[in-house]
Amino acid sequence: MLALDARLIMLDEPTAGVAQKETETFGPLIKAIQRELGSSILIVEHDMPMVMSISDRIYCLEAGTVIAEGTPQEVRENPAVISSYLGTDERAIQRSGVRAT
């Protein structure tokens, strides 16, 4: 259920516990809701591919401190984000779409 005429919709971990296939369809659903309602959407989420695919602006936190902010492209290439969110596991980095720098 969605609130009518909502100017801001906040979602906390909307894909937590959801299978990857369903998560992949969730991003376009969020964008469709945003377009239909003309609302801003604030999402707290750890699924980096989904976040990168639907966001206009991203803020990344580590231990409660903002370590990066910007467009998906800016955040995707930020070394602090790569280290904090993806670590050094090459598989995780490749899944995120990050280019090695």
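Just so it is clear, the values below take in all heavy atoms, side chains as well, and ignore hydrogens, waters and symmetry mates.
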Can you name the one residue among Met52, Arg57, Glu69 that meets side-chain contact (heavy atoms from CB on, under 4.5 Å) with Val75? Met52

Per the side-chain contact (heavy atoms from CB on, under 4.5 Å) rule, which among Leu37, Ile30, Leu42 passes with Ile9? Leu37

Yes or no on side-chain contact (heavy atoms from CB on, under 4.5 Å) for Ile43 and Glu13, after CA distance, side-chain angles and deciding distance? CA-CA 7 Å; Ile43 301 174; Glu13 298 285 348; over 6 Å; no

Does some side-chain heavy atom of [Y] sit less than 4.5 Å from a side-chain heavy atom of [X]?
{"X": "Glu45", "Y": "Thr15", "result": "yes"}
{"X": "Pro49", "Y": "Asp47", "result": "yes"}
{"X": "Asn78", "Y": "Cys60", "result": "no"}
{"X": "Pro79", "Y": "Ile82", "result": "no"}

What distance do [X] atom [atom1] and [Y] atom [atom2] have between them, rounded to the nearest 0.5 Å?
{"X": "Lys21", "Y": "Thr25", "atom1": "NZ", "atom2": "OG1", "answer": "9.0 Å"}
{"X": "Ile41", "Y": "Met10", "atom1": "CD1", "atom2": "CE", "answer": "12.0 Å"}
{"X": "Arg76", "Y": "Ile58", "atom1": "CZ", "atom2": "CD1", "answer": "7.5 Å"}
{"X": "Lys31", "Y": "Arg35", "atom1": "NZ", "atom2": "CZ", "answer": "7.0 Å"}

Determine whether the side chains of Gln34 and Ser39 contain a donor N or O and an acceptor N or O closer than 3.5 Å. no

Minimum heavy-atom distance [X]-[Y], with the two atoms named:
{"X": "Pro14", "Y": "Val44", "answer": "CD-O, 3.7 Å"}
{"X": "Pro72", "Y": "Ser55", "answer": "CG-O, 3.1 Å"}
{"X": "Pro28", "Y": "Glu24", "answer": "CD-O, 3.4 Å"}

Indicate, with yes or no, if Met50 and Leu29 share a hydrophobic cluster defined by side-chain heavy-atom contacts under 4.5 Å among Ile, Leu, Val, Met, Phe, Trp and Tyr. yes

Is there a path of hydrophobic side-chain contacts, each under 4.5 Å between heavy atoms of I/L/V/M/F/W/Y residues, joining Leu11 to Ile33? yes

Has Glu36 got more than 12 heavy atoms of other residues, nucleotides or ligands less than 6.0 Å from its CD? no

